[in-house]
**Q** 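Provided herewith is a single structure, encoded as structure tokens, for subsequent inquiry.
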Amino acid sequence: MNLDLVYNPAAGSFRPARLAELVRAFEGRGATVAALPTAAEGVRLSGSADLVCVHGGDGTLRDTVQALGARAGEVPLCIAPAGTINLVARELGYGRDPEALAEQVMAAWRRGPETWVRAPLYALGDLPVVSCLSIGPDSHAVARVSSALKRRIGRFAYVVAMLQVLRQWPRQAMALSGELADGTPFTCEGAAVIVSHGALFAGPFRLSPNAALAADSVELIVLNRPSRRGVALFTAAAFAGWPLDRLGLATFRSVRRVAFDRCVSPVQVDGDHMPDCAYAIGPTGMTLRYVI
């Protein structure tokens with residue numbers, strides 16, 4: 001089996017020694033490994049891999065899916081977590097120990113594709129979304145995150161950025177429209193919006209009970225009161241593990257398509273600030289396959 005091991009040297013917890021351990025662990029189980037670093041211009045793959053393993057965070061996973069292009073539904077994936085939060089890896093249960101991870105993945109490979117996790121792929125415009133996106137105070141905070149500070153203190157860099165946002169609170173109401181999971185059209189307004197494909201958001205927090213990578217829909221969460229107090233209440237309830245869909249702090253919809261009435265910016269996608277605007281979220285028609 002040929003394995004492309006894509007790694008992000010700038011990921012939050014990347015260590016060269018751990019990369020070497022991963023290569024040895026997979027090679028020791030019969031894989032032929034090509035270790036491929038990410039670059040500023042994106043991810044370059046060998047083109048001959050039977051399996052692509054992403055050693056990085058959700059952003060590196062997204063960039064790898066984008067590099068696969070039309071082959072994203074054909075080439076299976078696995079994740080060796082090395083990012084700041086790793087929402088997809090956390091939901092799927094990929095381990096961090098190189099030997100345990102390689103054994104976990106190779107055992108799933110031997111069992112065959114009928115046992116792997118299938119995740120319908122959604123996109124914002126042409127950009128794949130592997131776990132989540134947000135527009136509003138959260139996306140403004142991500143846009144302010146210092147890369148140097150993120151390398152030093154990890155996820156706490158987002159806390160520093162959010163404190164900065166509190167001083168200059170963004171207000172950008174927009175009209176949304178789209179199609180619910182059952183095909184019913186909908187319209188609404190929102191100034192703070194989260195779209196969650198995976199079960200988790202911002203770490204171990206589950207915002208919607210219906211969110212899951214395997215679901216053929218995404219969860220559209222619109223905060224009813226996108227003020228400082230409303231966002232603080234929503235965040236505190238998420239930290240406490242309360243059932244957010246029952247508290248009246250936000251409106252929850254399972255959707256297949258969402259369109260905005262104008263260009264939205266800044267937008268956070270899979271933990272990264274995306275400077276380019278886009279108008280709609282919808283299914284790509286492809287399904288990712290995670291070997292686990």
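All figures in this text were calculated on a predicted structure; none of them were measured in a lab. Just so you know, residue 1 is the first one in the sequence shown, and it goes up from there.
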**Q** Quick one: CG on Leu223 to CD1 on Ile194, what's the gap to the nearest 0.5 Å?
**A**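 Between Leu223 CG and Ile194 CD1, I get 6.0 Å after rounding to 0.5 Å.
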
**Q** With a 4.5 Å limit on heavy-atom distance, are the side chains of Tyr290 and Pro76 in contact?
**A**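 The answer is no, as the side chains (C-beta and beyond) never meet within the 4.5 Å cut-off.
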
**Q** Determine, stepwise, if the pair Val6 / His55 fulfils side-chain contact (heavy atoms from CB on, under 4.5 Å).
**A** CA-CA 6 Å; Val6 177; His55 185 38; over 6 Å; no

**Q** Looking at CZ of Arg257 and CG of Leu180, how far apart are the two atoms once the value is rounded to the nearest 0.5 Å?
**A**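 Result: 13.0 Å between the selected atoms.
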
**Q** Are Val65 and Leu77 packed together at the side-chain level, in the sense that at least one heavy-atom pair is separated by less than 4.5 angstrom?
**A**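 Val65 vs Leu77: side chains touch.
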
**Q** Determine which pairs satisfy ring pair (Phe, Tyr, Trp, His ring centres under 6.0 Å) with at least one residue from residues 227-252, sequence neighbours left out, and list them in order.
**A**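 Ring pair (Phe, Tyr, Trp, His ring centres under 6.0 Å) check on residues 227-252 returns Phe205-Phe239.
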
**Q** Checking side-chain polar atoms at under 3.5 Å, does Asn2 have a donor or acceptor matched by the opposite partner on Ser48?
**A**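 No - no donor-acceptor pair under 3.5 Å links their side chains.
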
**Q** Pair Val291, Leu51 - check side-chain contact (heavy atoms from CB on, under 4.5 Å), show working.
**A** CA-CA 9 Å; Val291 178; Leu51 171 65; 3.7 Å; yes

**Q** Considering residues, nucleotides and ligands other than Glu189, do more than 12 of their heavy atoms fall under 6.0 Å from its CD?
**A**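 For Glu189, atom CD is not crowded (no more than 12 foreign heavy atoms under 6.0 Å).
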
**Q** Do the side chains of Thr32 and Met1 get nearer than 4.5 Å, heavy atoms only?
**A**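 Not touching, per the 4.5 Å side-chain cut-off.
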
**Q** Show the numbers, then the answer: is there a side-chain contact (heavy atoms from CB on, under 4.5 Å) between Asp63 and Thr38?
**A** CA-CA 9 Å; Asp63 291 345; Thr38 62; 6.0 Å; no

**Q** Step through the shown structure and confirm whether more than 12 heavy atoms of other residues, nucleotides or ligands are within 6.0 Å of CZ on Arg225.
**A**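 Not more than 12 within 6.0 Å, no.
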
**Q** Quick check: do Phe26 and Val105 have side-chain heavy atoms less than 4.5 Å from each other?
**A**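 Answer yes - side chains close enough.
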
**Q** Is there a donor-acceptor contact under 3.5 Å from the side chain of Thr64 to the main chain of Thr60?
**A**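 Checked: pair present.
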
**Q** Please give me the minimum heavy-atom distance between Val255 and Tyr122, naming the atom from each residue.
**A**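 Where Val255 meets Tyr122 most closely, the heavy atoms are O-OH, 4.2 Å.
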
**Q** For residues Ala70 and Met286, report the shortest heavy-atom separation together with the two atoms involved.
**A**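 Taking every non-hydrogen atom into account, O-SD, 3.7 Å.
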
**Q** Are Arg62 and Asp272 ion-paired here, with the side-chain N under 4.0 Å from a carboxylate O?
**A**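 Yes.
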
**Q** Does Asp126 have more than 12 heavy atoms from other residues, nucleotides or ligands lying within 6.0 Å of its CG?
**A**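 Count not over threshold, so no.
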
**Q** Linking I/L/V/M/F/W/Y whenever any side-chain heavy atoms sit under 4.5 Å apart, do Ile281 and Phe186 land together?
**A**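 Yes, Ile281 and Phe186 fall within the same hydrophobic cluster.
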
**Q** Hey, does Leu36 have a side-chain heavy atom less than 4.5 Å from the side chain of Val43?
**A**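 Val43 does not reach Leu36 side chain to side chain.
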
**Q** Is a donor on one side and an acceptor on the other found under 3.5 Å between the side chain of Arg206 and the backbone of Pro209?
**A**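 Side chain of Arg206 to backbone of Pro209, a donor-acceptor pair under 3.5 Å: yes, one is there.
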
**Q** What is the distance from atom CG of Asp97 to atom CD of Gln104, rounded to the nearest 0.5 Å?
**A**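 Taking CG in Asp97 and CD in Gln104, the distance rounds to 10.5 Å.
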
**Q** Same cluster or not: are Val195 and Tyr279 linked, directly or through other Ile, Leu, Val, Met, Phe, Trp or Tyr residues, by side-chain heavy atoms under 4.5 angstrom apart?
**A**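 Not linked; separate clusters.
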
**Q** Between Pro128 and Gln66, is any pair of side-chain heavy atoms under 4.5 Å apart?
**A**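 Touching, per the 4.5 Å side-chain cut-off.
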
**Q** Do Thr235 side-chain atoms and Val231 backbone N/O form a donor-acceptor pair below 3.5 Å?
**A**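 Yes, because the side chain of Thr235 sits within donor-acceptor range (under 3.5 Å) of the backbone of Val231.
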
**Q** On a heavy-atom basis, which atom in Ala214 and which in Pro120 lie closest, and how many Å separate them?
**A**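 Here Ala214 and Pro120 meet closest at O-CD, 3.8 Å.
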
**Q** Closest approach of Glu91 and Ala199, non-hydrogen atoms and distance?
**A**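 Scanning both residues completely, I find the closest heavy atoms to be OE1-N, 2.7 Å.
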
**Q** Would you call Ser196 and Leu207 a side-chain contact if the rule is heavy atoms closer than 4.5 Å?
**A**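 No, their side chains stay 4.5 Å or more apart.
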
**Q** Can you tell me how far the SG atom of Cys132 sits from the CG atom of Leu200, to the nearest 0.5 Å?
**A**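 Going from SG on Cys132 over to CG on Leu200, the span is 9.5 Å.
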
**Q** Step by step, would you call Val88 with Leu213 a side-chain contact (heavy atoms from CB on, under 4.5 Å)?
**A** CA-CA 8 Å; Val88 176; Leu213 289 169; 3.8 Å; yes

**Q** Report the distance from atom CD1 of Ile135 to atom CE of Met274, rounding to the nearest 0.5 Å.
**A**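 It is 13.0 Å, given to the nearest 0.5 Å.
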
**Q** For residues Leu249 and Ala237, report the shortest heavy-atom separation together with the two atoms involved.
**A**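 It is CD1-CB, 4.3 Å.
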
**Q** Assess whether atom CZ of Arg96 is packed by more than 12 heavy atoms of other residues, nucleotides or ligands within 6.0 Å.
**A**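 Yes, CZ of Arg96 has more than 12 neighbouring heavy atoms, counting only those of other groups under 6.0 Å.
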
**Q** Measuring from atom OG of Ser254 to atom CG of Leu220, what distance do you get when rounded to the nearest 0.5 angstrom?
**A**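 Answer rounded to 0.5 Å: 9.5 Å.
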
**Q** Hey, is the main chain of Asp216 close enough, under 3.5 Å, to the side chain of Arg256 for a donor-acceptor pair?
**A**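 Side chain of Arg256 to backbone of Asp216, a donor-acceptor pair under 3.5 Å: yes, one is there.
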
**Q** Can you tell me if Arg118 has over 12 outside heavy atoms packed within less than 6.0 Å of its CZ?
**A**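 No.
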
**Q** Taking all heavy atoms of Ser208 and all of Glu219, pick out the closest pair and write down the distance.
**A**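 Taking Ser208 first and Glu219 second, the nearest heavy atoms are OG-OE1, 2.8 Å.
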
**Q** Check whether any side-chain N or O of Asp270 sits under 3.5 Å from a backbone N or O of Val130 as a donor-acceptor pair, and report yes or no.
**A**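 Yes; at least one donor-acceptor contact below 3.5 Å.
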
**Q** Can you check salt bridge (Lys or Arg N to Asp or Glu O under 4.0 Å) on Arg29 and Glu103, steps first, answer last?
**A** CA-CA 8 Å; Arg29 289 164 175 80; Glu103 183 58 38; 2.9 Å; yes

**Q** Would you call Arg18 and Val23 a side-chain contact if the rule is heavy atoms closer than 4.5 Å?
**A**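 Arg18 does not reach Val23 side chain to side chain.
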
